[in-house]
Amino acid sequence: MNAWVDNFGRTARKLRISVTDRCNLRCVYCMPEHPVWMPKKEILTFEELTRIASIAARHGVDRLRVTGGEPLLRKDLSVFINMLKGIAGIREIALTTNGLLLPQQARALYAAGLDRVTVSVDSLHRERVLKLARRDVRDGVLAGIEAARAAGFEGERLKINVVVMRGRNEEEVGDITAWAREQNLHLRFIEFMPLEGDKIWSRSLLVPAEEIISRVKERFPLNVGVRKPGETAETYSFIDGKGSIGVIASVTQAFCGDCDRVRITADGGFRTCLFAASGTDLRGPLRSGVSDEGLAEYMKMAVSRKNRGHLVSDPAFQRPDLAMNAIGG
Ligand code: SAM
Ligand code: SF4
């Protein structure tokens, strides 16, 4: 097995698979109200995506995350999870979702072998959710979390993502933490990254990890944070032993040095960084009969060209050609 290693010695171990750019929400930090969707005929089939994942698994990738857009909008997603489950060498399959469709799908996903679910919850207040997601979905998201639990996603198998934005939900960091502790849920706070379709990002809308942590500490004392190599979140356990929170400081404390992630967009763009300006097209070669070895070579070459790190804090930073929903968060 020839692992894909970049010029800075980092090995690709995790593949994020975006199955669609479409979504039933319009989170302001992610996509515009009126997006231009990828043409349906350009979206890779489950067979095409499984083929890419299998090749990646033969070259050292052992963890998959299915995302989007909203992955549960893709018909029969559990069938796809089951296809991925059959790939030799894959140790874990996770899903990131806004949770709205979990009541209908959580059981099938569990039965298909999905290992972990992450649900995005940015506020517990109806009005705030409406402003952030531009849809009135607070209750639907919470029902999704309940459905995930009822289906068997409990403890380490269920996580909550919270994007923190200045003036939108930073006041709620303490309350969301209190709720998660009561519910025995592991939270991960995420810094707002400049990947949104509306191009509203500015430093003034970013709530730095340091501030998020001090807001949590005002209510719940924390031990010193620890970040395991390859993990995006720094984890802080509560001093009283009642669980932990994670903080993903993608902007203020970038963790590019040990990044082991690569991604495939729903239309077959292979990306070695969330902030990469563009992707390597695999759809063209896939649909013109390329061999597995040929596809592997495209991915290997892309990994070898992976940048040392993102340049968000550099004045010369240029946004990727796609918004977050189309890259796959
Ligand atoms: N629709 C699903 C969801 O919302 O969980 C999966 C796709 S979404 C793009 C994946 C994750 O990226 C979510 O947790 C979302 O909150 C996060 N996200 C989206 N845009 C972001 C941004 N500009 N900065 C930081 N996180 C972002
Ligand atoms: Fe949809 Fe997720 Fe983006 Fe919100 S963050 S608009 S739920 S893809």
Side-chain angles (χ1 to χ4, degrees), residues 25 27-30 96-99 117-139 141-142 144-145 155-156 158-196 198 200-228 231-256 274-275 310 312-313 324 329:
L25 302 186
C27 304
V28 292
Y29 51 72
C30 180
T96 309
T97 171
N98 62 33
V117 177
T118 301
V119 183
S120 303
V121 180
D122 304 315
S123 170
L124 299 169
H125 292 281
R126 193 171 162 200
E127 284 302 312
R128 261 187 215 151
V129 172
L130 176 61
K131 281 194 180 146
L132 276 162
R134 294 191 278 218
R135 300 291 184 271
D136 189 3
V137 291
R138 176 212 182 256
D139 293 351
V141 172
L142 297 184
I145 294 172
E156 275 295 297
L158 181 58
K159 287 186 181 152
I160 307 295
N161 275 358
V162 185
V163 176
V164 187
M165 265 181 96
R166 178 81 62 211
R168 301 280 186 150
N169 61 348
E170 87 268 31
E171 298 290 338
E172 218 182 313
V173 164
D175 284 352
I176 295 178
T177 306
W179 165 77
R181 279 164 55 90
E182 266 166 34
Q183 301 274 324
N184 200 20
L185 289 166
H186 180 76
L187 280 184
R188 294 182 325 163
F189 291 105
I190 309 176
E191 287 181 345
F192 175 32
M193 297 179 269
L195 295 168
E196 77 296 354
D198 281 340
I200 54 170
W201 190 91
S202 73
R203 288 266 156 194
S204 60
L205 290 178
L206 169 79
V207 181
E210 209 180 329
E211 178 181 333
I212 297 172
I213 288 302
S214 59
R215 283 179 178 274
V216 174
K217 277 185 177 164
E218 280 168 18
R219 300 264 297 271
F220 306 102
L222 296 169
N223 289 309
V224 175
V226 186
R227 193 175 69 80
K228 290 194 203 131
E231 295 291 319
T232 51
E234 181 147 2
T235 302
Y236 297 77
S237 54
F238 294 111
I239 283 185
D240 67 8
K242 225 180 148 189
S244 59
I245 56 154
V247 181
I248 304 180
S250 331
V251 179
T252 62
Q253 297 157 36
F255 32 79
C256 308
L274 188 51
F275 294 94
H310 70 64
V312 173
S313 297
M324 187 65 145

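By convention here, the first residue in the shown sequence is residue 1. Computed from a prediction, not measured in an experiment: that's the story for all the values here.
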Closest approach of A209 to Q253 (non-hydrogen atoms, all atoms of both residues): CB-NE2, 4.0 Å
Salt bridge (charged side-chain N to carboxylate O under 4.0 Å, His left out) partners of E231, counting only residues at least two apart: R63
Step-by-step side chain to side chain contact (heavy atoms under 4.5 Å, CB included) determination, I160 to T118: CA-CA 5 Å; I160 307 295; T118 301; over 6 Å; no
Residue list, salt bridge (charged side-chain N to carboxylate O under 4.0 Å, His left out) with E156, at least two apart or on another chain: R116
Student check: side-chain heavy atoms of V207 and F189 closer than 4.5 Å: no
Shortest non-hydrogen contact between S123 and V129, atoms and distance: O-CG2, 3.3 Å
4.5 Å side-chain heavy-atom contact, I213 and L222: yes
4.5 Å side-chain heavy-atom contact, E172 and R128: yes
Mutual orientation of the aromatic rings belonging to F220 and F238 [parallel < 30°, tilted 30-60°, perpendicular > 60°]: perpendicular
Salt bridge (Lys or Arg N to Asp or Glu O under 4.0 Å) contacts touching residues 173-184 (sequence neighbours left out): D175-R219, R181-D240
Pair R188-V247, side chain to side chain contact (heavy atoms under 4.5 Å, CB included): steps then yes or no: CA-CA 5 Å; R188 294 182 325 163; V247 181; over 6 Å; no
Within-4.5 Å side-chain heavy-atom neighbours: I245 and T235: no
Nearest heavy atoms of I248 and A233, plus distance in Å: CG1-CB, 3.7 Å
Polar side chain donor-acceptor pair, T252 to E210, under 3.5 angstrom: no
Side chain proximity check, Y29 to I190, heavy atoms < 4.5 angstrom: no
Test side chain to side chain contact (heavy atoms under 4.5 Å, CB included) applied to L187 and I176, step by step: CA-CA 9 Å; L187 280 184; I176 295 178; 3.9 Å; yes
T232 side chain reached by R227 side chain, heavy atoms, under 4.5 Å: no
Heavy-atom donor-acceptor pair, N169 side chain to D122 backbone, under 3.5 Å: yes
Beyond-backbone contact of H125 with L130, side-chain heavy atoms, under 4.5 angstrom: no
Flag side-chain contact, heavy atom, 4.5 Å: F275 against M193: yes
Short N-O contact, R126 and D136, less than 4.0 angstrom: yes
Interatomic distance, C27 atom SG to R134 atom CZ [nearest 0.5 angstrom]: 8.5 Å
For the student: nearest non-hydrogen atoms of F192 and V163, plus distance: CA-CG1, 4.2 Å
Closest non-hydrogen atom pair between H310 and A254, with its separation: NE2-CB, 3.5 Å
Salt bridge (charged side-chain N to carboxylate O under 4.0 Å, His left out) partners for R168, two or more places apart: none
Pairs where residues 241-251 contributes a residue and the test side chain to side chain donor-acceptor pair (under 3.5 Å) is met, not counting sequence neighbours: H186-S244
Main-chain N/O of W201 paired with E196 side-chain donor or acceptor, under 3.5 Å: yes
Distance, nearest 0.5 Å, that separates CD1 of I212 from NZ of K217: 13.0 Å
D198 CG: over 12 foreign heavy atoms closer than 6.0 Å: yes
Distance-minimising heavy-atom pair for P194 and V312: CG-CG1, 3.7 Å
Non-neighbouring partners of E170 that pass salt bridge (charged side-chain N to carboxylate O under 4.0 Å, His left out), sequence neighbours left out: R166
E127/K131 ion pair, N-O < 4.0 Å: no
Flag for S237-N223: side-chain donor and acceptor within less than 3.5 Å: yes
Derivation of the side chain to side chain contact (heavy atoms under 4.5 Å, CB included) call for M165 and L132: CA-CA 9 Å; M165 265 181 96; L132 276 162; 4.0 Å; yes
